[in-house]
Visitor: 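Before I ask anything, here is the structure I am working with.
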Amino acid sequence: MEIIILFKNLTSLTIAGGSAIGIVDIPFNELGIPSSSIKGVMRTAISNLLPNASCGEIEPGRLEKAHGSSPCDVCKLFGYPNSKDGACFTILVDQVKEEKHLITRVSIDDKTQKAKDGSLFTQQIIKPGVEFKATIIYKCENDAKLFNLLLYSLSALRYWRLGRNAMIDVKVLTKKDEVCKKIKCNDETEKLFDSLSDYLWG
């Protein structure tokens, strides 16, 4: 089952980057939004929003011990090392085609609240207001609980941060009726879908 998602960048967005050339913060590769970054942020956001659904571990060597006899719901949904079934979904992000921009920033010393010497740097950003689309390919149609957890993780993105402290909004473009033909939706599913049918922050 495929679900189409639309994200809107609310602040200056930059992901990863960095450079080995002193204070220059413009990477040699094109600024993009890796699908793995979105999925990773969804996992972190839902683990913080619903800690009882998560084992709280991210270190592969500790996951098995944390799970005991059964993996946690977050790991079932997002996947974990040596899983027989793999993750319940993958996400593919369409890359932003709009022009990227440069902003200049300065690093502040926390103790003195003054600019550090030689701390002026430039970042490549995606401007606020830019939208980008993603497709979620979901395969655990028989488990409504995990599907609701997926919707909760999308909702949690609205209150978390992406990249270097950027905020994003999200809405689901795929119609609820279309999804509920393929998965057994309950009242919770429908409420979550309704809350994701439009942007939260306008």
Visitor: To the nearest 0.5 Å, tell me how far N165 CG sits from T14 OG1.
Guide: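 That separation rounds to 11.5 Å.
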Visitor: Drop me the distance from D109's CG to K114's NZ, to the nearest 0.5 angstrom.
Guide: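 Rounded to the nearest 0.5 Å, the CG-NZ separation comes out at 10.0 Å.
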Visitor: Determine yes or no for a side-chain-to-main-chain donor-acceptor pair under 3.5 angstrom, with T135 supplying the side chain and L92 the backbone.
Guide: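 No.
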Visitor: Under 4.5 Å between side-chain heavy atoms, counting indirect links through other Ile/Leu/Val/Met/Phe/Trp/Tyr residues: same cluster for F78 and L49 or not?
Guide: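 Linked, F78 and L49 end up in one cluster.
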Visitor: Do E57 and L63 come close enough that some side-chain heavy atom pair is under 4.5 Å?
Guide: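 They are in contact (side-chain heavy atoms under 4.5 Å apart), so the answer is yes.
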Visitor: Taking S54 for the side chain and P51 for the main chain, is one N or O donor matched with an acceptor at less than 3.5 Å?
Guide: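 Flag not set: sc S54 to bb P51 has no pair under 3.5 Å.
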Visitor: Suppose the criterion is disulfide (SG to SG under 2.5 Å): which pairs have a residue in residues 44-76, not counting sequence neighbours?
Guide: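 Every candidate disulfide (SG to SG under 2.5 Å) pair involving residues 44-76 fails, so no pair, neighbours aside, qualifies.
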Visitor: Measuring only between side-chain heavy atoms, which start at C-beta, is I46 closer than 4.5 Å to L77?
Guide: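 Not touching, per the 4.5 Å side-chain cut-off.
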Visitor: Please check if atom NZ in K116 has more than 12 non-hydrogen atoms from other residues, nucleotides or ligands closer than 6.0 Å.
Guide: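 Atom NZ in K116 is crowded, with more than 12 foreign heavy atoms closer than 6.0 Å.
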Visitor: Quick check for you: to the nearest 0.5 Å, what is the distance between E2 atom CD and T90 atom OG1?
Guide: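 Those atoms lie 8.5 Å apart.
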Visitor: Please test F147 against K182 for side-chain contact (heavy atoms from CB on, under 4.5 Å), starting from the C-alpha separation and ending with a verdict.
Guide: CA-CA 11 Å; F147 185 70; K182 299 176 182 176; over 6 Å; no
Visitor: Same cluster for L6 and V179 if Ile/Leu/Val/Met/Phe/Trp/Tyr side chains link at under 4.5 Å?
Guide: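 No, because L6 and V179 fall into different hydrophobic clusters, even though each may have its own neighbours under 4.5 Å.
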Visitor: Would you please test H101 and S12 for side-chain contact (heavy atoms from CB on, under 4.5 Å) and show each step?
Guide: CA-CA 9 Å; H101 296 264; S12 298; over 6 Å; no
Visitor: At their closest point, which heavy atom of R43 faces which heavy atom of S47, and how far apart are they?
Guide: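 What the structure gives for the nearest pair is O-OG, 2.8 Å.
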Visitor: For E188 and Y152, test the side chains for any donor-to-acceptor distance below 3.5 angstrom and give the result as yes or no.
Guide: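 Result is yes, a qualifying pair exists.
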Visitor: For K175 and F193, which heavy atoms make the closest approach, and how far apart are they?
Guide: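 Smallest heavy-atom distance, with atoms named: C-CE2, 4.5 Å.
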Visitor: Using a 6.0 Å cut-off, check whether atom NZ of K171 has over 12 heavy atoms from anything other than its own residue.
Guide: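 For K171, atom NZ is crowded (more than 12 foreign heavy atoms under 6.0 Å).
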Visitor: For V74 and Y80, run side-chain contact (heavy atoms from CB on, under 4.5 Å): C-alpha distance rounded to whole Å, both residues' side-chain angles, the deciding distance at 0.1 Å, then the answer.
Guide: CA-CA 9 Å; V74 168; Y80 58 97; over 6 Å; no
Visitor: Between T189 and N186, does any side-chain donor sit less than 3.5 Å from a side-chain acceptor?
Guide: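 Side-chain D/A pair, T189 to N186: present.
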Visitor: Would you mind reporting whether I183 and Y138 have side-chain heavy atoms less than 4.5 Å apart?
Guide: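 Heavy-atom side-chain distance check passes, below 4.5 Å.
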Visitor: Using the test side-chain contact (heavy atoms from CB on, under 4.5 Å), find all partners of L200 that sit at least two apart in sequence or belong to another chain.
Guide: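 Expected list: R158, Y159, D169.
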Visitor: Got a second to check how far D94's CG is from E131's CD, nearest 0.5 Å?
Guide: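 Reported value, rounded in 0.5 Å steps: 12.5 Å.
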Visitor: Please round to the nearest 0.5 Å and tell me the distance separating atom CH2 of W201 and atom CG of L10.
Guide: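 Answer for the CH2-CG pair, W201 versus L10, is 8.5 Å.
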Visitor: Is the backbone N or O of L151 less than 3.5 Å from a side-chain atom of S155, with the two atoms forming a donor-acceptor pair by type?
Guide: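 Between the backbone of L151 and the side chain of S155 there is a qualifying donor-acceptor contact (under 3.5 Å).
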Visitor: Please check this pair: side chain of T104 against backbone of T122, looking for a donor-acceptor N/O pair closer than 3.5 Å.
Guide: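 Checked: no pair found.
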Visitor: Nearest 0.5 angstrom please: I168 CD1 to L162 CG, how far?
Guide: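 Atom-to-atom, I168:CD1 and L162:CG are 5.0 Å apart.
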Visitor: Do you reckon V93 sits in the same ILVMFWY cluster as V96, going by side-chain contacts under 4.5 Å, direct or chained?
Guide: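 Both belong to a single hydrophobic cluster.
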Visitor: Using the rule that two of Ile, Leu, Val, Met, Phe, Trp, Tyr join whenever any of their side-chain heavy atoms come within less than 4.5 Å, decide whether M1 and L150 are in one cluster.
Guide: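 Linked within one cluster.
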Visitor: So which heavy atom on K39 is nearest to which on A87, and how close?
Guide: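 Here K39 and A87 meet closest at NZ-CB, 3.6 Å.
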Visitor: Can I5 be reached from Y199 by stepping across I, L, V, M, F, W or Y side chains whose heavy atoms are under 4.5 Å apart?
Guide: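 No; I5 is not reachable from Y199 via cluster members.
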Visitor: Could you tell me which non-hydrogen atom of C88 sits nearest to which non-hydrogen atom of K76, and how far apart they are?
Guide: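 Heavy atoms only, the tightest pair is SG-O, 3.6 Å.
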Visitor: Would you sort out whether I91 and M42 count as a side-chain contact (heavy atoms from CB on, under 4.5 Å), showing the intermediate values?
Guide: CA-CA 11 Å; I91 184 166; M42 289 170 65; 4.3 Å; yes
Visitor: Do L13 and F7 have side-chain heavy atoms sitting under 4.5 Å apart?
Guide: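 They are not in side-chain contact.
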